[in-house]
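Any value given below was found using the heavy atoms of this structure, including those in side chains, with hydrogens, waters and symmetry copies removed.
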Amino acid sequence: MDRLCSDCIRCLLKNVSDIPENTPEAIRLDYMQQALAILADAPHTASAPVIAWEISRARQAFFGPDMGYAALKRRFNQLMLGCEEAVQARIRRAADPLFSAMRFALAGNYIDFGALDNVDEAELLKMLENADDIPLDPALCEELRSRLASAQRLVYLTDNCGEVVLDKLFLKEIRRQYPQLSVTILVRGEPVLNDATLEDARQVGLFQAGRVIGSGNGVAGTCLEMLSEEAAQAVNEADLILAKGQGNFETLRGCGKNIYYLFLCKCEMFARRFGVERLTGMLIHDRLV
């Protein structure tokens with residue numbers, strides 16, 4: 001399956017050209033040539049998150065670890081923790097708490113500094129306020145409800161910091177309604193952009209919602225061939241997988257597993273693919289992609 005497209009390359013090129021100030025010209029040139037070679041040699045079957053990870057490794061070799069997201073991650077984790085009690089109260093009052101919790105988790109997918117030029121706190125809070133208005137396919141919702149009732153092992157693939165607070169509430173509601181489920185939550189195995197890692201999971205109390213493990217790598221998605229032994233076993237043994245975010249969709253789509261993808265369409269390419277406006281919430285099963 002071809003996963004790469006020209007829109008993805010355009011975004012990756014923008015990130016390649018973001019070089020620390022005062023970098024000597026010789027180092028700047030060597031890095032850009034190496035990064036562009038990774039892009040040029042990438043097969044059409046490669047997903048953008050995997051290519052971005054390869055470029056990130058080259059970048060770290062030249063400039064060291066990128067610590068620019070650490071403070072942002074703490075800030076958005078704290079922001080969402082501050083909203084947790086109010087969101088939980090709204091979920092409890094909802095006519096259908098399960099899909100109310102899902103809509104809040106979808107709204108939280110807005111916190112993505114990789115896909116968006118600016119993550120506006122006011123816009124985020126507005127999206128949470130209007131989360132109950134996110135349209136979802138009723139037939140797919142009922143199908144998912146049935147799958148949750150019959151499953152034994154659920155794997156939940158997370159995406160971003162802050163967002164994982166809302167994932168936690170969604171998973172708590174799943175476990176309340178379907179106590180037979182064994183829940184494993186996958187976070188990124190290494191820091192990448194503002195994606196959630198084990199450190200974020202500890203900060204927001206994600207361990208309250210299930211067993212939390214790292215993916216074993218720094219890809220901003222879930223590349224099955226690159227998972228750690230522990231993560232691969234969890235994914236392969238799962239009856240049901242819920243995958244948050246565009247990155248997980250890009251790396252997994254068409255894999256044939258029983259996966260429901262949940263994400264906001266945050267770029268024009270995704271909006272065109274699904275024929276919707278940007279920031280539309282999506283619930284899609286893998287068989288439909």
Side-chain angles (χ1 to χ4, degrees), residues 1-18 35-36 38-39 42-56 59 66 68-69 72-73 76 103 105-124 126-128 130-131 134-137 157-164 166-167 188 192-196 218-223 242-255 259-286 288-289:
M1 174 184 289
D2 285 356
R3 298 180 183 275
L4 192 58
C5 70
S6 60
D7 286 317
C8 295
I9 291 176
R10 194 177 300 118
C11 283
L12 290 165
L13 281 171
K14 181 177 67 174
N15 293 332
V16 165
S17 62
D18 182 19
L36 290 171
I38 292 170
L39 260 177
H44 292 183
T45 53
S47 65
V50 171
I51 299 170
W53 173 75
E54 292 176 353
I55 292 172
S56 175
R59 181 186 180 88
D66 184 358
Y69 289 99
L72 275 172
K73 292 175 74 176
F76 277 89
R103 286 178 168 92
L106 271 169
N109 193 232
Y110 173 77
I111 308 171
D112 188 340
F113 286 85
L116 298 173
D117 292 330
N118 176 49
V119 176
D120 183 77
E121 290 186 23
E123 179 65 22
L124 170 61
K126 180 181 177 183
M127 293 186 73
L128 290 179
N130 297 324
I134 295 175
L136 295 172
D137 183 330
L157 308 177
T158 63
D159 195 6
N160 300 307
C161 69
E163 177 182 356
V164 284
L166 303 162
D167 294 330
R188 308 300 187 226
V192 51
L193 302 172
N194 68 300
D195 289 31
V219 173
T222 303
C223 181
L242 297 179
K244 287 292 297 296
Q246 291 185 171
N248 281 322
F249 177 84
E250 289 179 89
T251 47
L252 287 169
R253 68 182 177 91
C255 70
I259 304 178
Y260 288 85
Y261 301 100
L262 298 92
F263 56 85
L264 296 180
C265 288
K266 284 166 287 192
C267 66
E268 292 297 338
M269 183 268 286
F270 267 74
R272 289 196 306 273
R273 170 182 281 164
F274 296 107
V276 297
E277 296 182 1
R278 285 183 69 250
L279 299 183
T280 295
M282 306 296 296
L283 168 64
I284 305 172
H285 190 272
D286 191 71
L288 303 174
V289 300

To the nearest 0.5 angstrom, please state how far the [atom1] atom of [X] sits from the [atom2] atom of [Y].
| X | Y | atom1 | atom2 | result |
| --- | --- | --- | --- | --- |
| R253 | I259 | CZ | CD1 | 12.5 Å |
| D2 | S47 | CG | OG | 12.0 Å |
| K73 | I111 | NZ | CD1 | 12.0 Å |
| C265 | F249 | SG | CZ | 8.5 Å |
| I51 | S56 | CD1 | OG | 13.5 Å |
| L39 | I55 | CG | CD1 | 4.0 Å |

Side-chain contact test, heavy atoms from C-beta onward, threshold under 4.5 Å: evaluate it for [X] versus [Y] and give yes or no.
| X | Y | value |
| --- | --- | --- |
| L252 | Y261 | yes |
| Y110 | L116 | yes |
| L283 | D137 | no |
| F270 | L264 | no |
| V192 | V219 | no |
| T158 | N248 | no |
| L72 | N194 | no |
| V16 | I38 | no |

Shortest non-hydrogen contact from [X] to [Y]?
| X | Y | answer |
| --- | --- | --- |
| A131 | A107 | CB-CB, 4.3 Å |
| A48 | L12 | O-CD2, 4.1 Å |
| E250 | C8 | OE1-SG, 3.9 Å |
| C255 | D286 | N-OD2, 3.4 Å |
| A105 | L166 | CA-CB, 3.9 Å |

Among residues at least two apart in sequence or on other chains, which ones pass salt bridge (Lys or Arg N to Asp or Glu O under 4.0 Å) with [X]?
| X | answer |
| --- | --- |
| R188 | D159, D195 |
| K244 | E163, D167 |
| E121 | R75 |

Practice task
Go through V119 and F113 one step at a time and tell me if the side-chain contact (heavy atoms from CB on, under 4.5 Å) criterion holds.
Solution key: CA-CA 6 Å; V119 176; F113 286 85; 3.6 Å; yes
Exercise for the section: State which residues pass side chain to side chain contact (heavy atoms under 4.5 Å, CB included) with R272; sequence neighbours excluded, sorted by chain then number. Expected result: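 Checked R272 against side chain to side chain contact (heavy atoms under 4.5 Å, CB included); matches are D7, E268, M269.
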Practice task
Using side-chain hydrogen bond (donor to acceptor under 3.5 Å, both in side chains) as the criterion, list what pairs up with Y260, not counting sequence neighbours.
Solution key: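 Counting only residues at least two positions away or on another chain, Y260 forms a side-chain hydrogen bond (donor to acceptor under 3.5 Å, both in side chains) with E143.
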What pairs of donor and acceptor atoms, side-chain ones from residues 273-282 against any protein atom, are under 3.5 angstrom apart with sequence neighbours left out?
from	atom 1	to	atom 2	distance (Å)
R278	NE	K266	O	3.3
R278	NH2	K266	O	3.0
T280	OG1	E277	O	2.7

Exercise for the section: Kindly indicate, with the supporting measurements, whether the criterion side-chain contact (heavy atoms from CB on, under 4.5 Å) is fulfilled by F263 and I284. Expected result: CA-CA 9 Å; F263 56 85; I284 305 172; 4.0 Å; yes
